[in-house]
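Naming: A, B, ... by sequence-line order, numbering from 1 per chain. Predicted model only: the values in this text are computed from it and were never measured.
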Number of protein chains: 2
Amino acid sequence: MELTERKKKVLRSVVDLYIRTAEPVGSKAITELPDMNYSSATIRNEMADLTAMGYLEQPHTSAGRVPSAAGYRLYVDELMQDYRLSMDETNSITAAIEEKMQRVDKLMEKVAKIVSQATDLPAISLASRFGGAEVKHFELITAGPGSVILVVMLTSDEVVNKLIRLPVSVTESDLKLLSAVLNTTMTNLPPEGFTPELMERVMDNAGPAASLVPVVVEFTVETLQKQGSTNMAVAGQMRLLGQPEYRDVDKAQRVLTSLDEEALSNLPAVMQNANGTKVLVGPENVAQELKDTSVVMTKFDIGDGLQGMIGVVGPTRMDYAKVTARLSYFAESLSKMFAKPEQAQLPEGREEE
Amino acid sequence: MELTERKKKVLRSVVDLYIRTAEPVGSKAITELPDMNYSSATIRNEMADLTAMGYLEQPHTSAGRVPSAAGYRLYVDELMQDYRLSMDETNSITAAIEEKMQRVDKLMEKVAKIVSQATDLPAISLASRFGGAEVKHFELITAGPGSVILVVMLTSDEVVNKLIRLPVSVTESDLKLLSAVLNTTMTNLPPEGFTPELMERVMDNAGPAASLVPVVVEFTVETLQKQGSTNMAVAGQMRLLGQPEYRDVDKAQRVLTSLDEEALSNLPAVMQNANGTKVLVGPENVAQELKDTSVVMTKFDIGDGLQGMIGVVGPTRMDYAKVTARLSYFAESLSKMFAKPEQAQLPEGREEE
DNA sequence: TTTAGCACTCTATAGTATAGTGTGCTTAGC
DNA sequence: GCTAAGCACACTATACTATAGAGTGCTAAA
């Protein structure tokens with residue numbers, strides 16, 4: 001059977017209506033739409049065809065139609081009308097983003113919160129690093145008797161520090177010597193490069209401050225390894241409860257629990273090669289718990305080896321047009337913000353507590 | 001009417017049973033308990049008395065009894081049997097805690113997660129600072145052309161840093177001069193001490209690196225102000241959905257939303273003068289959304305001017321004995337952990353991204 | 001090709017009957 | 001003066017039935 005223009009129009013109307021009402025859509029409701037000058041019988045025939053083609057489903061014989069996963073897919077790919085963001089919406093998104101954030105994890109939390117607010121759905125945001133960092137520069141500073149501050153600057157221009165307490169005091173010149181040794185031998189190395197042999201060699205040359213070396217190495221390796229990790233935040237989980245398909249507490253709990261348990265960690269993989277906004281309709285989701293749920297995701301650029309992603313989780317019957325529009329605008333605004341040099345303070349280390 | 005021993009025993013049994021079953025408790029159920037050698041009629045009389053005294057409530061004429069808020073209060077204060085943690089429980093709690101954590105906010109997240117797991121209820125954890133910090137030491141380090149790393153050590157022994165980018169290069173000796181000036185004039189000051197006049201005076205003496213001063217001051221003041229803030233984490237919100245009293249999605253959503261929106265920020269105030277574990281039964285809660293909900297909280301010591309608190313939110317019909325036992329054990333273990341010096345690495349600044 | 005008409009299916013809702021649980025009260029026993 | 005047994009009464013939860021309403025599919029006519 002061929003998918004005529006009129007069939008597409010009917011399908012779009014069904015999806016639109018179903019998104020609005022969450023109730024199965026009958027033929028009469030379609031005829032009442034403006035721009036639909038056919039009788040309900042005609043629409044019924046078309047709907048019967050669409051059902052046969054797999055785009056619609058019938059909960060039971062005498063109910064209206066509901067879009068199938070394939071129906072949503074077609075809707076998202078071809079039929080959906082672009083949703084235009086109102087000035088109010090863009091303004092509030094922009095305002096929310098402009099608040100400066102200095103630490104990636106805090107930023108991700110904030111972003112997830114805002115996205116969730118903007119879409120009234122649970123939102124995920126994550127920042128993953130591609131390519132590991134190496135150490136660019138070591139510095140050791142005296143900080144009172146028995147205390148030394150280690151400052152490590154990475155190739156990604158992030159700066160981390162650690163307070164080291166010693167049983168004995170070391171002089172400033174001892175530290176200077178050690179710093180020099182560290183900077184000549186231990187910079188520009190991947191975490192695997194910090195072998196016991198290297199450490200031994202450094203300790204032999206490090207002079208009186210040699211006892212510091214193991215602590216320095218341990219901290220550095222740990223830091224480098226953490227560089228490869230992903231920062232993820234989930235926000236607004238409970239907004240899912242507002243959706244009629246989750247009046248069933250058990251169902252809601254299943255989905256929400258899976259959101260919490262980082263079953264989402266495979267989402268970045270899905271986005272790897274994708275560009276722009278990606279929509280995963282129900283069964284297209286890998287995670288079993290999300291088979292009944294749709295995910296909309298989009299990438300944005302943080303710069304400095306960081307790849308950001310924001311996404312939203314909701315019922316398959318979510319307002320894809322609105323959600324994708326907001327998400328895209330969001331991603332764009334974020335990318336722009338990080339491109340502005342005076343705002344791009346992000347990877348500069350900043351410690352709160 | 002007097003509250004005889006037997007009445008207390010009946011009340012305790014009713015609360016215990018109701019906690020277990022979440023169903024109104026009838027007189028027959030009580031008689032079937034071991035150690036209850038009275039007929040149902042006698043129990044009925046006692047229950048009628050307890051109802052008259054306000055400790056029990058009747059959903060309707062021919063239903064069993066349910067504890068009132070006053071009933072729970074009495075139960076918590078006097079009747080509750082101490083719950084003994086099993087080895088398994090203490091072990092799993094201890095194991096969970098021993099994982100070292102370096103940053104307060106991350107630690108609070110982790111703690112909230114564990115507490116929620118241990119109690120199967122939503123959990124809150126927070127760390128609030130009493131007494132503001134001041135700057136103990138400034139240090140400026142060159143980090144390649146046009147980049148300077150500012151390291152600030154606070155009186156609390158926390159270390160924070162910031163990468164500053166400059167349009168011009170400054171020499172190491174310029175930075176040394178500036179560091180010295182900063183250390184003589186701007187240490188041991190509260191945030192209000194950083195007046196424009198002081199800043200001007202410092203800039204006059206700072207030599208070629210004077211342009212750095214405004215950035216340094218802004219960052220320092222911001223950091224000091226953040227010291228006073230509270231770190232808070234909520235975890236396991238969706239566990240509330242497992243409780244039968246929250247089968248009603250709307251009710252669950254109301255409570256969960258209030259958990260999210262930091263309506264809990266006044267909880268620390270409640271704990272201020274309290275010692276040990278504190279239980280807030282339903283209407284004793286200040287927050288309107290929690291009137292139907294009980295909160296159990298306890299304090300723990302992080303040291304270094306930080307006060308920790310963990311708490312759990314659940315239906316008034318929660319297992320107070322179990323929850324308070326676990327919470328107290330938790331708090332104790334955490335306090336102990338922070339008291340051990342080799343574990344107490346917490347306030348030593350550590351930056352991830 | 002479209003549409004009007006109609007019989008049919010299915011659901012949601014209200015109303016009714018019934019079994020079961022629990023109470024309060026009265027009365028009898030210790 | 002307690003305690004217990006018995007009984008009428010109250011109320012809920014559950015199943016069952018009837019009914020209205022919405023929507024369909026099919027047929028036949030325009």
- Query: At what distance, to the nearest 0.5 angstrom, does NZ of B/K251 lie from CD of B/Q243?
  - Reply: 11.0 Å
- Hey, could you give me the CD/CD1 distance between B/E332 and B/I93, rounded to the nearest 0.5 Å? 10.5 Å
- Item | Nucleotide D/dC26, atom P - distance to CG of A/D49 in whole Å | 11 Å
- Compare side-chain N and O positions of B/T42 against OP1 and OP2 of D/dA4 and report whether any pair is under 4.0 Å apart. yes
- Query: If you count the non-hydrogen atoms of other residues, nucleotides and ligands that lie under 6.0 Å from CG in B/D77, is the total more than 12?
  - Reply: yes
- Mind checking the CG-CZ spacing from B/D49 to B/R44? Nearest 0.5 Å is all I need. 13.5 Å
- Message: For a quick test of reading the model, state the closest non-hydrogen atom pair linking A/N285 to A/L290 and the distance between them.
- Response: ND2-O, 3.5 Å
- In this structure, CG of A/L50 is separated from CG of A/L3 (nearest 0.5 Å) by 7.0 Å
- With sequence neighbours left out, the residues meeting ring-ring contact (aromatic ring centres under 6.0 Å, His included) with A/Y320 are A/Y72
- Note on the structure: If each end axis of the helix from C/dT1-D/dA30 to C/dC30-D/dG1 is fitted on five C1' pair positions, the angle between them, to 10 degrees, is 20°
- Message: I want to check one thing: is the phosphate of D/dA22, taken as OP1 and OP2, less than 4.0 Å away from some side-chain N or O of A/R44?
- Response: no
- Task: Using side-chain hydrogen bond (donor to acceptor under 3.5 Å, both in side chains) as the criterion, list what pairs up with B/T298, not counting sequence neighbours.
- Result: B/T277
- Item | Over-ring placement of A/R6 relative to A/Y38, 6.0 Å and 45° cut-offs | yes
- Message: Pick the closest DNA chain D nucleotide for B/H60 and for B/R6 by heavy atoms, then say which residue is nearer the 5' end.
- Response: B/R6
- Can you tell me the distance, in whole Å, between the CD atom of B/E46 and the P atom of D/dA4? 11 Å
- Task: Measure from CG on B/N37 to P on D/dA4 and round the result to the nearest Å.
- Result: 9 Å
- Outer limits of DNA chain C sitting under 4.0 Å from a non-hydrogen atom of chain A, read 5' to 3', are C/dT2 to C/dT11
- Scanning both residues in full, the closest heavy-atom pair of A/G236 with A/S116 reads CA-OG, 3.4 Å
- Task: Nearest whole angstrom, please: distance from the C1' of D/dT24 to the CG of A/N45.
- Result: 11 Å
- Presence of A/R65 side-chain N/O under 4.0 Å of D/dG23 phosphate oxygens OP1/OP2: no
- Message: Just to be sure I understand the rule, does A/A63 reach a base, reach only the sugar-phosphate, or reach nothing, if contact means heavy atoms closer than 4.0 Å?
- Response: sugar-phosphate
- Query: At what distance, to the nearest 0.5 angstrom, does CG of A/L56 lie from NZ of A/K7?
  - Reply: 11.5 Å
- Approximate separation, where rounding is to 0.5 Å, of A/L126 CG and A/M309 CE: 4.5 Å
- Return the minimal non-hydrogen interatomic distance between B/A252 and B/L241, and the atom names on each side. CB-CD2, 3.6 Å
- Task: Summarise protein proximity over nucleotides 14-21 of chain D in one line of letters, 5' to 3': B for base, S for sugar-phosphate only, - for none, counting protein heavy atoms closer than 4.0 Å.
- Result: --------
- Message: Heavy atoms from C-beta onward define the side chain here; which of D/dA5, D/dC11, D/dT24 lies closest to that of A/Q58?
- Response: D/dT24
- Message: I need the residues from residues 17-35 of chain B with at least one non-hydrogen atom less than 4.0 Å from DNA chain D; give them sorted by number, or say none.
- Response: none
- Message: How close do B/Q237 and B/P122 get, counting heavy atoms only, and between which atoms?
- Response: O-CG, 3.6 Å
